[in-house]
Visitor: 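Below is the structure I would like to discuss, written out as structure tokens.
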Amino acid sequence: MDHIPASLTRTPESAQDAVLIQWEMRKYVRINDDFGTVKMIAGIDVGYDLQSNTSKAALVIMDIDRLMPLETVIATDPTPFPYIPGLLSFREAPVIIKALEQVKKKPDMIFIDGQGIAHPRGLGIASHIGILTGYPSIGVAKSVLCGNYKEPGEKKGQSSHLIYKGNKIGTALRSRDNVKPLFISPGHKISHESAVDFVQKCLTRYRLPEPTRIADKLSKFADKNI
DNA sequence: GCGACAG
DNA sequence: ATCTTGTCGC
């Protein structure tokens with residue numbers, strides 16, 4: 001959708017090739033706010049069925065004000081790539097793109113499970129999806145891939161910077177009292193500040209923001225029979 | 001070389 | 001991610 005060389009959408013022939021694609025793709029990442037009014041947010045998560053070797057992407061479109069689902073989509077595909085830290089995109093992006101192509105409503109913003117720019121090469125899965133689709137995106141991760149941070153205060157809303165090689169790459173955010181922090185980083189077309197704002201607007205009584213929490217449930221329990 | 005390591 | 005039971009804490 002966005003104007004990037006078609007060769008960057010290729011299936012990597014090896015892990016080394018995948019890394020080359022990431023170095024090239026990172027040039028297109030933008031972390032300045034570039035979106036209009038945000039009414040609908042998409043939460044996306046991927047689950048696996050080890051027996052059939054299939055991946056299942058669950059996508060939910062939520063109204064940002066009511067935090068209620070407006071539409072859901074489930075897409076499945078044979079799992080295409082092994083899990084290699086730093087190369088998660090090549091395992092999950094294809095089936096996620098498939099789900100985004102099937103959804104009827106067009107989201108204004110998408111939350112992806114995993115890192116945005118908080119990645120060794122600045123291209124976590126949220127950035128990867130943002131570049132491929134043109135959608136503004138945010139990485140919502142439950143743990144760190146790279147970088148260091150000071151433990152944020154124990155109260156919901158308290159945060160600290162995630163730093164890597166001297167630069168801020170994300171935010172450690174306490175999403176509710178006394179739980180492990182979430183790691184928020186810009187995926188594409190959004191700033192650190194706005195990324196955290198949108199996640200906070202979607203927090204209720206759980207650790208995960210609603211779009212992510214619902215997508216997570218769907219990826220695990222919906223269509224249990226792939 | 002050693003340890004770390006999203007989902 | 002997924003495999004798995006009970007259990008501690010708000």
Visitor: Let me see the working for A/Ile125 and A/Glu92 under side-chain contact (heavy atoms from CB on, under 4.5 Å), right down to the final yes or no.
Guide: CA-CA 8 Å; A/Ile125 189 166; A/Glu92 301 192 344; 3.6 Å; yes
Visitor: OP1 or OP2 of B/dG7 sitting under 4.0 Å from any side-chain N/O of A/Ser143?
Guide: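 Result: yes.
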Visitor: For B/dA6, take OP1 and OP2 only and decide whether either is under 4.0 Å from a side-chain N or O of A/Tyr83.
Guide: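 Answer yes for this pair, as a side-chain N or O of A/Tyr83 is under 4.0 Å from OP1 or OP2.
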Visitor: I need the NZ-C1' distance between A/Lys155 and C/dC10, as an integer number of Å.
Guide: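 To the nearest whole Å, that distance equals 10 Å.
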Visitor: Going by heavy atoms in the side chains, are A/Ser185 and A/Ile138 under 4.5 Å from each other?
Guide: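 No, too far: nothing below the 4.5 Å cut-off.
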Visitor: Could you tell me how far apart A/Asn148 (CG) and B/dG3 (C1') are, to the nearest whole angstrom?
Guide: 13 Å
Visitor: Yes or no on side-chain contact (heavy atoms from CB on, under 4.5 Å) for A/Val140 and A/Val199, after CA distance, side-chain angles and deciding distance?
Guide: CA-CA 8 Å; A/Val140 179; A/Val199 169; 4.1 Å; yes
Visitor: Nearest whole angstrom, please: distance from the P of C/dA1 to the CG of A/Asp216.
Guide: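 Result: 6 Å.
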Visitor: Rounded at 0.5 Å granularity, tell me how far CG in A/Leu208 sits from CD in A/Glu210.
Guide: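 Atom-to-atom, A/Leu208:CG and A/Glu210:CD are 9.0 Å apart.
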Visitor: So if I take every side-chain heavy atom of A/Pro85 and compare against B/dC5, B/dG7, C/dT2, which nucleotide ends up nearest?
Guide: B/dC5
Visitor: Base, sugar-phosphate, or nothing for A/Leu87, non-hydrogen atoms under 4.0 angstrom?
Guide: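 Touches a base.
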Visitor: Which of the following nucleotides, B/dA6, B/dG7, C/dA1, is nearest to the side chain of A/Asp45?
Guide: B/dG7
Visitor: Write down the distance between NZ (A/Lys217) and C1' (C/dA1), rounded to a whole number of angstrom.
Guide: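 After rounding, the reported distance stands at 18 Å.
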Visitor: What's A/Gln115 touching, base or sugar-phosphate or nothing? Going by heavy atoms closer than 4.0 Å.
Guide: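 The residue A/Gln115 makes base contact.
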Visitor: Considering every strand and a 4.0 Å limit on heavy-atom distances, what is the contact class for A/Gly86: base, sugar-phosphate, or nothing?
Guide: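 Touches a base.
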Visitor: Starting at atom NE2 of A/His119, determine the distance to atom P of B/dG7, rounded to an integer number of angstrom.
Guide: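 After rounding, the reported distance stands at 13 Å.
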Visitor: Under 3.5 Å, is there a donor-acceptor pair between the side chain of A/Asp113 and the main chain of A/Asp45?
Guide: no
Visitor: Among the nucleotides C/dT2, B/dG7, B/dC5, which one has an atom lying closest to any side-chain atom of A/Lys142?
Guide: B/dG7
Visitor: Relative to the 5' end of DNA chain C, which residue comes earlier, A/Asp177 or A/Asp113, by the nucleotide with the nearest heavy atom?
Guide: A/Asp113
Visitor: If you only use heavy atoms from C-beta on, which nucleotide in C/dC10, C/dA1, B/dA6 is closest to the side chain of A/Ile125?
Guide: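 Of C/dC10, C/dA1, B/dA6, B/dA6 is nearest to the side chain of A/Ile125.
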Visitor: Nearest to the side chain of A/Arg91, heavy atoms from C-beta on, is which of B/dG7, B/dC5, C/dA1?
Guide: B/dG7
Visitor: Please report, rounded to the nearest Å, how far the P atom of C/dC10 is from the OH atom of A/Tyr206.
Guide: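 Going from OH in A/Tyr206 over to P in C/dC10 covers 19 Å.
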Visitor: Among B/dG7, C/dT2, C/dC10, which nucleotide has an atom closest to any side-chain atom of A/Asn178?
Guide: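 The answer is C/dC10.
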Visitor: What is the distance from CG of A/Leu50 to P of C/dT4, rounded to the nearest Å?
Guide: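 One finds 10 Å between P of C/dT4 and CG of A/Leu50, rounded.
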Visitor: NA contact type, A/Gly47, heavy-atom cut-off 4.0 Å: base, sugar-phosphate, or nothing?
Guide: sugar-phosphate
Visitor: Could you tell me the separation between the CG atom of A/Leu162 and the P atom of B/dC5, rounded to a whole number of Å?
Guide: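 After rounding, the reported distance stands at 12 Å.
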Visitor: At what distance, to the nearest 0.5 angstrom, does NZ of A/Lys105 lie from CG of A/Leu59?
Guide: 12.5 Å
